[in-house]
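Structure, as structure tokens:
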Amino acid sequence: MRVVLQDEAFDVAAEVDAVAREAGVEAGAVAMFLGLVRGGDGLRALTLEHYPRMTLARLSAIAEEVSARYDLLGCTIIHRVGTLGVGAPIVLVLAAARHRGASLEAVETMIDWLKTRSPFWKREDYDDGRQVWVEARAADDAAAARWDL
Amino acid sequence: MRVVLQDEAFDVAAEVDAVAREAGVEAGAVAMFLGLVRGGDGLRALTLEHYPRMTLARLSAIAEEVSARYDLLGCTIIHRVGTLGVGAPIVLVLAAARHRGASLEAVETMIDWLKTRSPFWKREDYDDGRQVWVEARAADDAAAARWDL
Amino acid sequence: MKDVSITVLYFASLRDRLGLDRERYALTSPDATVATVLDALAERHDALREAIGAGAVIRAAVNQQFATPATPVAAGDEVAFFPPVTGG
Amino acid sequence: MKDVSITVLYFASLRDRLGLDRERYALTSPDATVATVLDALAERHDALREAIGAGAVIRAAVNQQFATPATPVAAGDEVAFFPPVTGG
């Protein structure tokens, strides 16, 4: 299991190799999700704020819970924070398993939980100087209902 | 769209970069599935046979149909043939989309169709000399019922 | 005299609205919860009161664990308030 | 005389059972289908007849398109028989 919070970009190939190595010869499937800063409408950058004392513990809890639920052989979560330009990678999630179903479902679950159960907030910075906090989507929100205030 | 059939291994990082570049600034999500030769029980290698005059056309049809269905911005299918050792990559599928749901569902659909609607057959070669053709799984089989003989 | 204060943190749009990222707050009851603390802080900060009045969804964590309105708050705790998360 | 022959291909375990990867077959009817061709080939090859008798699932393609038993087969076609696919 590998959980990383960092400002810098990550090396996708190195991470895929690492999770496959962690998984060993029993692994038949590696699934990945890579989130990028989506451009358009004059977006200049995305700023990711987080809750430093809490974030890494949450990421670890997600990786552990998902690894157990899907019997993963390898699992990686890397989330960036700070200001990222259009097209920049934000988050990388990898799951290695014996079979494809588990790896794909594990990745989907991890990225859902990263969006709903991890203390990150995105702010959009526009060319014209506007700064707009991204609102949680209703769909994401519903999934997080268990800790609604 | 990029569809490749080859003996050689592929470069995961280069393919992720290429699909993200193809997708452009609108892309917010890249999902991937990487299939590996799963070891154990004395397996020495996996041999992938295919129907040369048919295979590439089928892969292209899958990539096109899935790209349209999920409104993908970028799509890659790379499938290897020949004899591959334990741990070797067999297949790589990538989908770039605006949002995560489309990219993940597209990857799942492509790998399902590769397993049920593409003319590949796997043979397991064991340390003791046995050669065993892999049987289609019932679940895969049901998905392919439309062209049952 | 016993120290009954807690540390309060604000994040993201909520911090921007308040112009404040952390403060101390002295509990007034041994039965404090996330909800009672938020109510008391809303009396202290016009911007917080206005945000709640305008229907802003506010979430919380107590000691770095996601919390509900009923989660108890005790002296020495770290209580964070923030909008719904948007990571990933 | 008109050439009414087709090319037949066998793949994977089916090819191994027959010890044959391709052959020519002359159609005997203008109403040939995948099913009638397979029946005729089973008369020609003991191993194919035995495979079918043992319940082997056999699939087919006509001119590199997946086919059903009812798919028509015409002179000059390429007809492939194989077990269920297992790629990906």
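Proteins get letters first, then strands, A, B, ... in listed order; numbering begins at 1 in each.
- Distance check: Thr86(D) OG1 to Glu49(B) CD gives 9.5 Å after rounding to the nearest 0.5 Å.
- Arg117(B) and Phe66(D) get closest at one heavy-atom pair: O-CE1, 3.2 Å.
- The minimum heavy-atom distance between Ala80(D) and Tyr51(B), with the atom names listed, is CB-CE1, 3.5 Å.
- Residue-environment remark: CZ (Arg44(D)) exceeds the threshold of 12 foreign heavy atoms within 6.0 Å.
- Contact detail for Ala61(D) and Met54(B): the closest heavy-atom pair is CB-SD, 4.0 Å.
- When all heavy atoms of Val85(D) and Ala136(B) are compared, the pair lying nearest together is O-CB, 3.8 Å.
- Classified by interplanar angle (parallel below 30°, tilted 30° to 60°, perpendicular above 60°), the ring pair Trp121(B)/Phe11(D) is parallel.
- Within the 4.5 angstrom heavy-atom criterion, only backbone atoms of Glu135(B) (N, CA, C, O) approach chain D.
- Using a 4.5 Å cut-off between heavy atoms, Asn63(D) does not touch chain B at all.
- Note that the CG atom of Asp16(D) and the CD atom of Gln131(B) stand 8.0 Å from one another [nearest 0.5 Å].
- Within a 6.0 Å radius of CG in Asp7(B), other residues, nucleotides and ligands contribute more than 12 heavy atoms.
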